[in-house]
Amino acid sequence: MNKIKIMNDDLANKIAAGEVVEKCVSVVKELVENSVDAGASEIKIIVEEAGTKMIKVIDNGAGMSHDDAILAFERHATSKLYDETGLFRISSLGFRGEALPSIAAVSLVELKTSTGDVGTRIIINGGKLEKDEKADARKGTEITVSNLFFNTPARLKYLNSLYSELANICEYVNKMAFSYPNIKFVFISDDKVLLNTDGSGNLLKVIKDVYGAEVARKMKNISVFNDDYDVDGFISLPEVTRSSRNHMVTLVNQRVVRNVELNRAINDAYHTYKPETRYPIVVLNINCDPSLVDVNVHPSKLDIKFSNFDDLKELIKKGIKDVLDKSLLIPKIEMKTEQTEKPVVKEQVLNIERQNVIEDSVIDYSLFDEPVLTVNEDIESYDQTNETEDKKVIMPEMYPVGLAKGTYIICHNELGLYMIDQHAAKERINYEYYKKMLGNPNNNSIRMLIPLTVEFPSNEFIIIKQNLEVLRNMKFDIEESGINSFIIKEHPTWLKQGYEEESIKKILEVLIDQERNFSIEKFNEKTAITLSCKMAIKANTNISILEMESLINDLRKCENPYTCPHGRPTTIFYSNYELEKMFKRAM
Ligand code: ZN
Ligand code: ZN
């Protein structure tokens with residue numbers, strides 16, 4: 001039976017606009033998704049010169065009959081969907097049908113395919129069928145696209161540099177591997193294997209294959225659900241971050257989707273656990289009834305609308321926070337035994353670029369800012385132990401022995417050696433204190449011995465005047481007093497003694513900064529962070545062992561003792577084992 005149907009015109013017109021092959025990655029995408037649709041359990045992708053010279057995709061899927069193979073290159077042929085309802089259902093792998101003919105029009109295509117008996121081999125050159133013959137009967141499809149854009153030099157100009165072309169393909173293949181851990185993906189670029197998954201269905205193994213063993217060991221399993229959504233996957237410990245948002249991958253019913261708000265919810269869950277400009281590595285599967293999502297149909301991007309979206313975002317945010325709460329987040333210093341990971345892709349692409357003089361446009365290093373390649377290591381041995389219990393993990397007790405460089409408290413216990421950044425630790429303690437105070441409107445106020453008068457330039461004066469209620473709710477007694485100035489007679493009790501005036505001025509500065517899109521949450525958050533830093537012990541301040549002890553005590557009581565409010569670590573750890581290894585006491 002021939003599986004490919006011709007779409008009706010209405011649907012075809014809906015799709016046709018804007019659907020053109022623009023980049024090598026669109027070609028790879030089309031071919032790989034055909035392989036997935038054909039039920040392949042192994043897909044091999046081979047590219048030369050970032051796909052501009054050659055793209056080959058080999059699968060062990062169902063294959064095509066001779067007639068289907070010919071039909072696949074006619075316009076509007078598709079096996080993916082037959083009507084409009086199919087188009088909006090995310091459980092089908094999107095729509096195509098336009099793409100194969102478009103690809104064939106601008107390249108040399110060789111297709112070998114077989115459903116298990118007589119095979120077919122066709123060659124299409126610049127859109128013209130040049131060969132149509134019988135071929136061997138290996139079940140599956142092998143399609144080779146060469147000399148892409150050979151007859152459209154104008155378009156070649158629009159291609160990004162080979163470097164970013166390859167980066168795009170690499171990113172796409174990685175995401176497909178996350179979507180289909182039960183399909184074996186092999187990705188080879190100029191004879192180098194860039195990805196090789198085992199198709200065992202184990203997502204953590206795929207993460208290891210993409211990011212390396214060290215990252216995989218620092219991923220935590222997450223699994224949460226509500227009435228509508230079932231979310232599972234892996235999230236990185238806060239110490240593992242990337243400079244690009246691209247490593248937060250969300251899949252809906254196995255389809256990679258991009259949703260800014262979903263990414264924001266994930267990122268918010270890590271608030272103060274990591275620096276604001278760094279992003280976690282996350283792979284989340286969201287499973288739900290297809291009727292709960294609405295896909296924005298545009299070939300180049302896949303945006304999506306969810307029903308009960310606030311509940312879903314809350315579910316994800318809380319799920320991630322719970323996992324972080326149950327993990328001991330002190331970065332462990334490990335001695336590298338060998339160079340385990342190499343950014344081979346970067347090296348390789350740089351080589352290509354040296355050979356080919358192609359004008360660079362945008363170079364996107366984000367994919368390669370950290371190693372992307374991998375080592376073999378037994379995934380089963382990964383330590384996932386401290387997430388079994390259903391309670392918050394407490395930072396271990398540790399005993400200070402001294403202060404190094406006036407900055408780092410050296411501590412130890414039976415597990416090993418710790419270093420605590422005293423400024424970061426104090427910042428964290430202050431931050432949680434101020435957050436609590438700011439979130440509690442029933443605080444008392446204190447009358448100042450000498451009222452404080454503050455003067456501002458008129459633009460800032462106006463902003464403060466508009467927000468006097470905010471300050472009064474915080475228990476400030478503040479009034480206008482003369483031109484462009486205010487008088488403050490009472491302040492909340494929780495301002496640090498001896499630093500009242502400085503604190504008040506900081507709070508007013510935060511208020512002025514928050515001028516646009518003022519929200520009380522953001523204002524409180526900013527105030528807590530600013531005050532926590534200002535009121536913390538500076539680096540290069542010598543403190544006594546007693547003071548260290550009380551600092552550690554307070555830190556251990558924090559909700560998140562591991563990072564300062566800016567997301568930098570408070571504490572790092574050298575295990576006994578690592579110390580002995582470094583001193584060659586243990587081999
Ligand atoms: Zn600071
Ligand atoms: Zn900080």
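Each ligand, and each atom within it, is numbered from 1 in the order the structure gives. What you are looking at is a predicted structure, and each value in this text was computed from that prediction instead of being measured. Below, all heavy atoms of this structure are taken into account, side chains as well, without hydrogens, waters or symmetry copies.
Among the atoms of Cys533, none of the N, O or S atoms falls under 2.8 Å from the Zn ion (ligand 2). Checking His423 against the Zn ion (ligand 2), every N/O/S atom stays at or beyond the 2.8 Å cut-off.
Counting just the N/O/S atoms of His566, the one with the shortest distance to the Zn ion (ligand 2) is named ND1. The N, O or S atom of Glu427 lying closest to the Zn ion (ligand 1) is OE2.
Using modelled atom types, one side-chain atom of Arg428 and one backbone atom of Thr563 make a donor-acceptor pair closer than 3.5 Å.
Counted by atom type alone, Asn413 and Tyr418 present one or more donor-acceptor pairs between their side chains at under 3.5 Å.
With Ser445 as the partner, the side chain to side chain donor-acceptor pair (under 3.5 Å) test is satisfied by one option alone out of His491, Arg472, Lys475, Glu490: Glu490.
By the 30° and 60° cut-offs, the orientation of the rings of Tyr211 relative to Phe178 is parallel.
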